[in-house]
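Quick notes on the structure that follows.
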Amino acid sequence: MFFNSLAFAIFLPIIFLLYWFVFNKNKNTQNALLIVASYYFYSCWDWRFLFLLVFSTFLDYFTGIQIEKSNSEKRRKFWFWLSIIVNLGFLGIFKYYNFFASSFAELFTSFGFKVSPFLLSIILPVGISFYTFHGLSYVIDIYNKRIKAEYNFVDYSLFVSYFPLLVAGPIERATHLLPQVKVKREFNLEKAKEGICQITWGIFKKVVIADNCAVYANNIFDNYTTMDSFSLILGAVYFAFQIYGDFSGYSDIALGVSKLFGIDLLRNFSYPYFSRDIAEFWRRWHISLSSWFRDYLYIPLGGSKGSKLKQIRNVFIIFLVSGFWHGANWTYIAWGFINALYFLPLLLLKRNRENIEEATISWNFSSFRTILSILFTFGLTCFAWIFFRSESIYAACDYIQEILLFNFSITALTDQMSFLIVIALCYLILLEWTNRKKECPLFGKFSKTKIILTILFIFLFGQFDIQSKFIYFQF
């Protein structure tokens, strides 16, 4: 069931009406309804994988309690590592086993040994990376005594399986979401209006920006050997907006849907393409994942403390792991490696915390430098996206090599451009830039006008016939 599908357009109002008018007596009935809705929502993908979600929920609920009740450090560590190993074990089998088996086979073949690896004929359960990380953060926080274990199984189950964030995040923390599910929610009209605005903006980014850009990006990447340099550069830009519109659009819909039920989720995007350096970009892109790796991997490794060598090691570890989290392909690892190279000079020169405040432009020399910094950072990001989008390292390098041939053709370029996409991207950039201090561009002044214009874009230019999956469902 996609957020941009007719099925979800029917599902959401039904759950909303039941939630506020039938199951509104107390928080237990509200939570029970949301759990049933979440399990149904997940089963629409493949009901057979419900057992993984339920097993993961039971595992972390039980081990969390055992960690808290254990009287000795040895027992605490036993239950802690049991949860970590089993969770990562399931994630490793379903997501990475075939990758490692094939990679080792290729390695041995390169040395002259013929190896036929045993591969598993399984599909990746949707959302497994997200709900696994929900549970891991919960158990780690209990082990480190940041939070108490949750004894109400219904409340904990909702924390793990809450349907707006179940299949593609944001990656929630128990410290943020659990307190909200433990109390009865009262209907808030203003919050519901904000939710509808955010859903509208998310749908616009998905069906107008992402899906229209995808048509051209896919054509260019699939036929890059026949394209000129201009078209290939444009293909990288199209994919940059495709993945941004797709993933941030999903996140906006998720946050908006959750607001309809009186629950606030963590913000996942903060206009990342207005960043002035890569460090700022990673503070604004997929915020819930970046902060997860920062808190549970980077800081425990020492972060930016210690010797320069350790700092460099930590940077590469966190970016390589982040790349590998996205999928079992060397292209994602290369993408993470490239971003580590981007980030490293900022860290070593102690400039990675310079651009904390929002960018401003007042038409002076400083503003000119700001614009150049934004464009340069966007260019670096687009270059890295080539590896993320390509089928293999070889294809990505070949794509870049084709760009460096500098065979520019205005005629070929116009074939890969669309007046519709130009207008839609201008509208996106204008609204996000002028409302960059707000969580959603449709909030605040002229909200009705902005909503009407956005809805017009959706109905006139939205790609509803494609029913394309959200990119991050595969992660």
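Heavy atoms only: backbone and side chains are in, while hydrogens, waters and symmetry mates are out.
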Query raised in the report: More than 12 non-hydrogen atoms from neighbouring residues, nucleotides or ligands closer than 6.0 Å to CG on L349, yes or no?
Result: yes
Report task. Would you check, one step at a time, whether the test side-chain contact (heavy atoms from CB on, under 4.5 Å) holds for S161 with Y42? Result -> CA-CA 9 Å; S161 63; Y42 193 78; over 6 Å; no
Query raised in the report: Angle class for the Y156/F159 ring planes (parallel below 30°, perpendicular above 60°, tilted otherwise)?
Result: tilted
Report summary line: Heavy atoms of L347 and N352 approach each other most closely as CA-OD1, 3.9 Å
Report task. Check whether more than 12 heavy atoms from other residues, nucleotides or ligands sit under 6.0 Å from atom NZ of K310, and answer yes or no. Result -> no
Query raised in the report: Quick check: does any side chain N or O of S137 sit under 3.5 Å from a backbone N or O of H134, one acting as donor and the other as acceptor?
Result: yes
Query raised in the report: Between S288 and N268, is any side-chain donor less than 3.5 angstrom from a side-chain acceptor?
Result: yes
Query raised in the report: When you measure from the side chain of K205 to the backbone N and O of F247, does any donor-acceptor pair fall under 3.5 Å?
Result: no
Query raised in the report: Salt bridge between E73 and R76, side-chain N to carboxylate O under 4.0 Å?
Result: yes
Query raised in the report: Any luck finding a side-chain donor-acceptor pair between Y61 and D155 under 3.5 Å?
Result: no
Query raised in the report: For residues R185 and N31, is any side-chain donor paired with an opposing acceptor at under 3.5 Å?
Result: yes
Query raised in the report: Could you walk me through whether R173 and D141 pass the salt bridge (Lys or Arg N to Asp or Glu O under 4.0 Å) check?
Result: CA-CA 9 Å; R173 308 290 184 88; D141 283 346; 5.6 Å; no
Requested in this report: Answer yes or no for R284 and Y271: cation-pi contact, defined as NZ/CZ to six-membered ring centre under 6.0 Å and angle to ring axis within 45°.
Outcome: no
Query raised in the report: Would you find more than 12 non-hydrogen atoms of other residues, nucleotides or ligands less than 6.0 Å from Y427 atom OH?
Result: yes
Query raised in the report: Are F163 and Y40 close enough that their ring centers fall under 6.0 Å?
Result: no
Requested in this report: Run the ring-centre check on F90 versus F55 and record whether the distance is less than 6.0 Å.
Outcome: yes
Requested in this report: Test W292 against F133 for ring pair (Phe, Tyr, Trp, His ring centres under 6.0 Å), laying out the working first.
Outcome: CA-CA 8 Å; W292 199 101; F133 272 41; 4.2 Å; yes
Query raised in the report: Between Y96 and F324, is the gap from one ring center to the other below 6.0 Å?
Result: yes
Requested in this report: Look at atom CD of E354 and say whether more than 12 heavy atoms of other residues, nucleotides or ligands are closer to it than 6.0 Å.
Outcome: yes
**Report entry** Pairing residues for F376 by the ring-ring contact (aromatic ring centres under 6.0 Å, His included) criterion, not counting sequence neighbours
**Finding:** none
Requested in this report: Take atom NZ of K438 as the centre, draw a 6.0 Å sphere, and report whether it contains more than 12 heavy atoms from other residues, nucleotides or ligands.
Outcome: yes
Report task. Output, in order, the C-alpha distance, side-chain angles, deciding distance and verdict of ring pair (Phe, Tyr, Trp, His ring centres under 6.0 Å) for F62 and W79. Result -> CA-CA 9 Å; F62 180 75; W79 291 112; 5.4 Å; yes
Report task. Answer with yes or no after comparing the ring centroid distance for F378 and Y273 against a 6.0 Å cut-off, counting only values under it. Result -> yes
Report task. Identify the heavy atoms of I140 and I84 that sit nearest to each other, and give their distance. Result -> CG1-CD1, 4.2 Å
Query raised in the report: Should the heavy atoms of other residues, nucleotides or ligands under 6.0 Å from CZ of R75 be counted, would the total exceed 12?
Result: no
Requested in this report: Evaluate side chain to side chain donor-acceptor pair (under 3.5 Å) for D60 paired with S83, printing each intermediate quantity in order.
Outcome: CA-CA 6 Å; D60 295 327; S83 174; 2.6 Å; yes
Query raised in the report: Considering residues, nucleotides and ligands other than W330, do more than 12 of their heavy atoms fall under 6.0 Å from its CH2?
Result: no
**Report entry** Close aromatic pair by centroid cut-off 6.0 Å: W325 and F130
**Finding:** yes
Query raised in the report: Is the shortest distance from a Lys or Arg side-chain nitrogen in K193 or E190 to a carboxylate oxygen in the other one below 4.0 Å?
Result: yes
Report task. Look at the aromatic rings of F8 and F11 and report parallel, tilted or perpendicular, splitting at 30° and 60°. Result -> tilted
Query raised in the report: If you measure from the Lys or Arg side-chain nitrogens to the Asp or Glu carboxylate oxygens, is any gap between D252 and K206 under 4.0 Å?
Result: no
Requested in this report: Carefully, step by step, assess L442 and L431 under the rule side-chain contact (heavy atoms from CB on, under 4.5 Å).
Outcome: CA-CA 8 Å; L442 300 188; L431 251 65; 4.0 Å; yes
**Report entry** Close aromatic pair by centroid cut-off 6.0 Å: F337 and F316
**Finding:** yes
Report task. For R369, look at atom CZ and say whether over 12 heavy atoms of other residues, nucleotides or ligands are found less than 6.0 Å away. Result -> no
Query - Aromatic ring proximity W201/F204, centre distance under 6.0 Å - result: yes
Report task. Determine, stepwise, if the pair F153 / F58 fulfils ring pair (Phe, Tyr, Trp, His ring centres under 6.0 Å). Result -> CA-CA 8 Å; F153 184 70; F58 271 104; 4.6 Å; yes
Query raised in the report: Should the ring pair F388 and H326 be called parallel, tilted or perpendicular, given that the plane angle runs from 0 to 90° and is split at 30 and 60?
Result: perpendicular
